[in-house]
Amino acid sequence: MMYTRIAGTGRYLPEKILTNFDLEKMVDTSDEWIRTRTGVERRHQVRDDQTTSDMCVEAAKIAIEDAGIDVSDIDMVFVGTTSPDLVFPNAATLVQQRLGIPACPCIGMEAACTSFIYALTTADKFIKADETKCALVIGAECITKLVDWNDRNTCVLFGDGAGAVIVKPSDEPGIIATHLGADGQYKDLLYYPVGVSKDLHKAGTDEAAITMRGNEVFKVAVKTLGNVAAEVLRKAEIDQSELDWLIPHQANLRIIQATAKRLNLPMDKVILTVQDHGNTSAASVPMALDVGIRDGRIKPGQLLLMEAFGGGFTWGSILLRL
Ligand code: COA
């Protein structure tokens, strides 16, 4: 049996940090409200001239070095994002060219906050089909560029960043099971109203901003994240008590705590970055993975469950041994 193994990880966070106290000066909010409702204390924000592929390139360089490979070894690039630099070429193609990776399939995946889980799941299928020997998989987002900075309901939640992994085939697990899903009936609860073929003339106006019914998103997120964790464990016939780490999408501390509770996992088995990163959408899971590995908590051989939930709604989970 062929498995997909993570051979290296990296992350990039923009230099600029916005604390809750900075936001108090911008909208009618308080550090206390943001911390108690969301767990977020600070978040990073890109410069106006910085793009998603800029962040991807930085995160990827670190992952490539960590994996001990050369860019010429990479034969497939995936970038999961909802905030690509351009409509085309896709962000994966921009990254391929900028890193000097030889011409290869470059795939953009767009599934809001679940984009990285979609991308890594797809890379896993290509590896198992023997179509790639070394893939670069990135989740990255300039989500602060999609936020209305006068809307306290949303602007306090989000941050920017990029997380990257290098994956290779292996006889040893590896990714053990994956589960993806989406249901467009929830579209109106969380969406960005402007696109290329819809209301493009509104780009740059106040109407072009993330639109969210937070309370309703919260309830569906808690229910769905519990289910996607259970689903991937069921597929793998592995009991939740065997899990070493939960690496959840970092949208809200209370959502994460509710998911951990449903899995009977103590919070010291959960990698948390929401306090420092905010909700970085597609970047949140790969950045949390990188944080946990680099600070020495996540160790080779351990059993990890990664999961995410986002606009659509979309959702997904991956069970793997590092
Ligand atoms: N500062 C102060 N008050 C705020 C605020 C802020 N930043 N944002 C909203 N409020 C106010 C609201 O206006 C509302 O006031 P009202 O009662 O006078 O109308 C009050 O706080 C309560 O709002 P509510 O929406 O009920 O709060 P909540 O407990 O649901 O928390 C969220 C709001 C957004 C933090 C929470 O619903 C949430 O995290 N939802 C999920 C969002 C998410 O994860 N999205 C991404 C998914 S990938």
Side-chain angles (χ1 to χ4, degrees), residues 3-13 39 58-69 80 113-114 116-117 119-121 123-124 127 135-140 161-170 172-179 225 228-229 232-233 236 238-251 253 255-257 259-280 282-309 316-322:
Y3 292 97
T4 301
R5 284 204 84 155
I6 293 182
T9 63
R11 71 178 184 279
Y12 172 82
L13 286 154
E58 298 309 318
K61 282 181 191 164
I62 298 167
I64 288 165
E65 191 184 344
D66 188 41
I69 60 157
C113 300
T114 319
F116 173 78
I117 299 288
L120 184 54
T121 298
D124 176 50
I127 284 189
L136 168 61
V137 186
I138 305 172
V165 300
I166 297 289
V167 286
K168 290 172 143 190
S170 165
E172 308 276 318
I175 290 178
I176 300 164
T178 60
H179 171 68
L225 284 167
V228 295
V232 84
L233 287 163
I238 286 178
D239 191 79
Q240 60 206 41
S241 61
E242 292 178 47
L243 282 180
D244 291 301
W245 293 104
L246 174 66
I247 306 169
H249 174 45
Q250 311 280 325
L253 179 59
I255 295 176
I256 296 171
Q257 285 167 333
T259 311
K261 199 170 164 195
R262 278 190 65 177
L263 284 169
N264 284 325
L265 269 189
M267 284 304 286
D268 61 7
K269 286 192 164 194
V270 180
I271 303 293
L272 280 181
T273 56
V274 67
Q275 68 284 358
D276 297 324
H277 298 172
N279 180 350
T280 58
S284 99
V285 169
M287 289 207 295
L289 173 70
D290 185 62
V291 166
I293 291 174
R294 281 176 194 273
D295 70 17
R297 279 178 293 168
I298 303 177
K299 297 185 174 60
Q302 287 189 323
L303 189 65
L304 321 181
L305 197 159
M306 304 196 284
E307 61 166 13
F309 174 86
S317 52
I318 298 177
L319 185 71
L320 76 150
R321 265 195 202 283
L322 190 64

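Counting begins at 1 with the first residue of the sequence. For clarity, every value in this text was computed on a predicted model and none was experimentally measured.
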- Report the C-alpha distance between Ser284 and His249 in whole Å, list the side-chain angles of each, state the deciding distance to 0.1 Å, and finish with yes or no for side-chain hydrogen bond (donor to acceptor under 3.5 Å, both in side chains). CA-CA 6 Å; Ser284 99; His249 174 45; 2.7 Å; yes
- Message: Between Gln240 and Leu265, does the side-chain contact (heavy atoms from CB on, under 4.5 Å) criterion hold? Intermediate values first, please.
- Response: CA-CA 8 Å; Gln240 60 206 41; Leu265 269 189; over 6 Å; no
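Side-chain contact check for Met306 versus Val232: every heavy-atom pair is 4.5 Å or farther apart. Taking the side chain as every heavy atom from C-beta outward, Val291 and Arg297 approach each other to under 4.5 Å. Residues Val165 and Phe116 meet the side-chain proximity criterion, which asks for heavy atoms closer than 4.5 Å. Looking only at side-chain heavy atoms (C-beta outward), Ile176 and Leu303 come within less than 4.5 Å of each other.
Atom NZ of Lys261 has 12 or fewer heavy atoms from other residues, nucleotides or ligands within 6.0 Å.
Note that CD1 of Ile293 and CG of Leu304 are 7.0 Å apart. Values are rounded to the nearest 0.5 Å. Ile247 contributes atom CD1, which lies 6.0 Å from atom CD1 of Ile271 (distance to the nearest 0.5 angstrom). The line from CD of Glu307 to CD1 of Ile256 is 9.0 Å long, rounded to the nearest 0.5 Å. From Thr273, atom OG1 reaches atom CD of Gln250 across 3.5 Å, with rounding to the nearest 0.5 Å. In this structure, the separation between CG on Leu322 and NZ on Lys299 is 11.0 Å, given to the nearest 0.5 Å. Interatomic distance, Asp244 CG to Leu305 CG, rounded to the nearest 0.5 Å: 11.5 Å.
Partners of Ala140 according to the side chain to side chain contact (heavy atoms under 4.5 Å, CB included) rule, which considers only residues two or more places apart in sequence or in another chain, are Thr52, Cys56, Ile138, Ala162.
Using modelled atom types, one side-chain atom of Arg321 and one backbone atom of Gly301 make a donor-acceptor pair closer than 3.5 Å. A donor-acceptor contact shorter than 3.5 Å links the side chain of Ser317 to the backbone of Val228. When atom types are taken as modelled, the side chain of Arg294 and the backbone of Thr9 share a donor-acceptor pair closer than 3.5 angstrom.
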